[in-house]
Amino acid sequence: MRLQQGEPVAIPTETVYGLAADARRDDAIQRVFALKGRPAHNPLIIHVATLNDAEKIAYFTDTARAIAAHFWPGPLTLVLPIKPDAGLSPLVTAGLDTAAIRMPAHPIMQHILQAFDGPLAAPSANKSGTLSPTAPIHVQDSFGTDAPYIIPGGVSSWGIESTILDLSQHPAIILRPGPIGPEDFAAFLNPCPALHVPDINDQTAPRSPGLLLRHYAPRHPLRLQAIDIRPGEALLAFGQTRFMGIKGGGNINTLPPNHIWNLSPDGDLEEAAKNLYRALHDLDEQQVHTIAVMNIPSTGIGIAINERLAKAAKSSRDD
Ligand code: TXA
Ligand code: MG
């Protein structure tokens, strides 16, 4: 199989598609970084088939074990102190003394992990700094002629990257919001973990090196908290749109249908998360100058949606 030959392969997971490679081989991991154009100081998430496999890589406390037993397989990544004999390529962890580990739930990915019989490092299967892929076509479009072999597995059911919980420090913190929220840990962690907000002016080493980088960026600029749209804009909508107008006159019903993407007409945040990247990919293809984004409530998985949108808006302003 290609993975055994050190070739990176795009694989489906329930969060987003990953670009997987043997986590023990320097040459395989180097190819992942090269293909993505990812800076070497940004470590990768390690995917395992079982909790037992995870415990070969990192030290689990009783709390960590209970959290893993409860949420795995699923959209949760745990950052834990790495064992010296973990056998990982040092490139995977970018020299950190912790490892970010997750056991994915997607049945095809589980099957691959069992057949491969080893840890697979997998960042999202897109060029560094661009929108994450939630379907095979997004992987293909992101890499173009450099595209890796893609194992199709439908549309990712969560559609947004895993929650990253850092258990290597006290109190535990959430490094990246995702499908599992702070309150979901109430039975395991007291207090519930806070959301770590990276400080761009902090000159010390960031806790999660990837979190400060340009990220999730569409080609078009985003305009957040839109209450109306301007001529030449596409609309990323959420819930009711009947109050939205076009500046200078007009109704949004007069926009071409492919210039509007409603993440969830019913206002369902999980449905919105699942559609987020697909909608941004689709709107980014349109002949518009900006994507206007309606307000999305910051509750539950809405926190993760807004974090991705804020980064996407900031990236497009910066470049
Ligand atoms: O849902 C997901 O997590 C997807 C799927 C494919 O599993 N993967 C994903 O990987 O989102 P990526 O590489 O796009 O994001 C990994 C994040 C980066 O921000 C990186 O800095 C952080 O995890 N990370 C990796 N190892 C870490 C560590 N030891 N400590 C802190 N953060 C770490
Ligand atoms: Mg990514």
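Counting starts at 1 for both ligands and their atoms, following the listed order.
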Atoms of ligand 1 under 4.0 Å from any heavy atom of A122, numbered from 1 in the order shown, are 6 (C), 8 (N), 10 (O)
Is there any N or O on Y17 that sits under 3.5 Å from an N or O of ligand 1?
-> no
*asked:* I'd like to know whether CZ of R308 has more than 12 heavy-atom contacts from other residues, nucleotides or ligands below 6.0 angstrom.
replied: yes
Problem - N/O separation below 3.5 Å, S124 to ligand 1 - result: yes
Note: heavy atom closest to atom 23 (O) of ligand 1, options I164, D166, L96, L78, belongs to I164
Closest to atom 4 (C) of ligand 1 by heavy-atom distance, out of D97, L175, V16, T93, is V16
message: Keeping N262 on the side-chain end and S264 on the backbone end, is there a donor-acceptor pair under 3.5 Å?
response: yes
Quick note on ligand 1: atoms under 4.0 Å from a heavy atom of A100 include exactly 25 (C), 26 (N), 27 (C), 29 (N)
Check: Any chance CD of Q287 has more than 12 other-residue heavy atoms, nucleotides or ligands included, within less than 6.0 Å?
Finding: no
Is it true that, when you exclude D85 itself, more than 12 heavy atoms of the residues, nucleotides or ligands shown sit nearer than 6.0 Å to its CG? yes
- Task: Please confirm whether E161 comes within less than 3.5 Å of ligand 1 when only nitrogen or oxygen atoms on both sides are compared.
- Result: no
Within 6.0 angstrom of H289 NE2, more than 12 heavy atoms from elsewhere: yes
Heavy atoms of A23 and A121 approach each other most closely as CB-N, 3.7 Å
- Backbone N/O of Q286 and side chain of H220: donor-acceptor pair under 3.5 Å: yes
Counting from 1 in the order shown, the ligand 1 atoms closer than 4.0 Å to a non-hydrogen atom of S162 are 1 (O), 2 (C), 3 (O)
Note: ligand 1 atoms sitting under 4.0 Å from heavy atoms of P123 are 10 (O), 12 (P), 13 (O)
field: S124 N/O/S atom closer than 2.8 Å to the Mg ion (ligand 2)
entry: yes
Original post:
Purely on distance, is any nitrogen or oxygen of R38 under 3.5 Å from one on ligand 1?
Top reply: yes
